[in-house]
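Structure record follows, encoded as structure tokens.
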Amino acid sequence: MSYWQEKIKIGNLIVPRFIGGPLDGITDSPFRKLVRHYSKDELLYGEMRHVSCVANDKGAKRALDFEQMERPFNYQVSANKIEFIQQACEKIMAAKVDCLDLNIGCPAKNVIKSGCGSALMADLPRLASLLAEFRKHLSIPFTVKIRAGFKEKNALDVARLIQDCGADAIAIHPRLQTQKFNGVPDYQLAGEVKKIITIPVLLSGGIVNWATAKRAYETTGVDGFLIGRGMWSKPWKLLELQEHAAGRVFKVTEEEILACSLAHLDNMLAYYGPHGLYAFRKHLPFYLKGKLSASALRGVLVTSSSVDQVKEGLRSFFSSEVIE
Ligand SMILES: Cc1cc2nc3c(=O)[nH]c(=O)nc-3n(C[C@H](O)[C@H](O)[C@H](O)COP(=O)(O)O)c2cc1C
């Protein structure tokens, strides 16, 4: 069996190497359901929620609202103190989530200000106590998503600590907090992390197609790949990668993209209610690409308050011929 056909073992979870990564505001339940249409077994991350929100079931949508069809599901949390971790773990396990991920890579100002996210990479004693608390209360696989470091690269020390605390896998997005999502990800560092630990290492950053996936593997030797922005409005991306890895051709037709965009909108309306239309606006520009009519139509549809107008706009876009 080739490397690409082999699966990876994260605790007791056995999943394909291509994984749906976390994108706050994008990889929500409506999107994950769309991915499941193409990919049945792939692990899908959710969006980050603070453990206190999970423990108290807070938020506009209940933190643990998801459907069983989204499994295998890796629920992602942030934390800055021990409080709430036990309660959050119990609720997450009771909801039949398959895996829990602690995000210590988030670069957002409001997140690091409270000592969550990538700020934890600069506070190893606190990180160690949080990791121990999660491990103590979790009987499902436990993963941690890291960066290259906070202001300075220390991913090797952090990876060793995470492994010693009993985590089942590490995902690394090898950029510093200061780089946010820009600049070249340091694949060499990801490869070094892979060399010094024995639990699976997953790579996040810049994997958008088969060529970039292949290069990421050849440069780092990691075990799995988190696909982030490459999946935005392309819920078939994991299947596309799997097919290319098996040496097969994969193409999506215009009809399929249209059907997908309409299903996405319907999923969002079903999940968020009427607000789903406004939440769908951030996805529209990604579907409306590659044709001369795109920018004019985008301008109309991202301000429309009519579901029918948006659906009709999408239909007319995909039936127009001219490619830019
Ligand atoms: C809009 C956006 C939202 C993100 N939200 C999260 C998140 O909630 N949790 C997380 O661990 N990473 C988050 N990330 C980081 C991605 O998971 C990923 O590590 C990063 O974008 C690099 O991978 P990519 O090049 O495949 O997108 C986010 C990135 C973007 C652009």
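Numbering of ligands and ligand atoms starts at 1, following listing order.
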Would [X] and [Y] pass as an ion pair if we require N to O under 4.0 Å?
X      : Y      : value
Arg215 : Glu218 : no
Arg135 : Asp168 : yes
Asp266 : Lys311 : yes

Which residue holds the protein heavy atom closest to [atom], what is that atom called, and what is the gap in Å?
atom                    : answer
atom 19 (O) of ligand 1 : Ser204 OG, 2.6 Å
atom 15 (C) of ligand 1 : Phe181 CE2, 3.4 Å
atom 17 (O) of ligand 1 : Pro22 O, 2.6 Å
atom 26 (O) of ligand 1 : Gly228 N, 3.0 Å
atom 30 (C) of ligand 1 : Leu23 CD2, 3.5 Å

Taking the ring of Phe31 and the ring of Trp232, is the distance between their centroids below 6.0 Å?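 No, they do not, as the ring centres are separated by 6.0 Å or more.
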
Below the 3.5 angstrom mark, is there an N/O of [X], backbone or side chain, next to an N/O of ligand 1?
X      : answer
Ile227 : no
Leu226 : no
Trp232 : no
Ile26  : no
Arg175 : no
Asn103 : yes

Could you check whether any side-chain N or O of Arg62 sits under 3.5 Å from a backbone N or O of Asp57, counting only pairs where one atom can act as donor and the other as acceptor?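 Between the backbone of Asp57 and the side chain of Arg62 there is no qualifying donor-acceptor contact (under 3.5 Å).
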
His173, portion touching ligand 1 at heavy-atom distance under 4.0 Å: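 Only the side chain of His173 comes within reach of ligand 1.
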
With backbone taken as N, CA, C and O and side chain as the heavy atoms from C-beta onward, which portion of Lys145 lies under 4.0 Å from ligand 1: side chain, backbone, both, or neither?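 Near ligand 1, Lys145 shows its side chain, while the N, CA, C and O stay back.
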
When you check the side-chain N and O atoms of [X] and [Y], is any donor under 3.5 Å from an acceptor?
X      : Y      : value
His50  : Asn80  : yes
Glu256 : Tyr38  : yes
Asp65  : Tyr271 : no

Could you state the interatomic distance from CD1 (Ile92) to CZ (Phe134), rounded to the nearest 0.5 Å?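 Between atom CD1 of Ile92 and atom CZ of Phe134 there are 7.5 Å.
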
Is the closest heavy-atom distance from Gly105 to ligand 1 below 4.0 Å?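 Gly105 does not count as a contact of ligand 1 under the 4.0 Å cut-off.
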
Of the non-hydrogen atoms in Lys180 and His173, which two are nearest, and what is the gap between them?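 What the structure gives for the nearest pair is O-CE1, 3.7 Å.
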
Identify the residue among Arg229, Glu47, Lys282 that makes a side chain to side chain contact (heavy atoms under 4.5 Å, CB included) with Ile26.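 When Arg229, Glu47, Lys282 are each tested with Ile26, the side chain to side chain contact (heavy atoms under 4.5 Å, CB included) holds only for Lys282.
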
Which atoms of ligand 1 sit under 4.0 Å from any heavy atom of [X]?
X      : result
Arg229 : 21 (O), 22 (C), 24 (P), 25 (O), 26 (O), 27 (O), 31 (C)
Gly206 : 24 (P), 25 (O), 26 (O)
Asp24  : 3 (C), 4 (C), 5 (N), 6 (C), 7 (C), 8 (O)

Pick whichever of Arg49, Met48, Gln76 has a heavy atom sitting closest to atom 11 (O) of ligand 1.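 Heavy atom nearest to atom 11 (O) of ligand 1 belongs to Gln76.
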
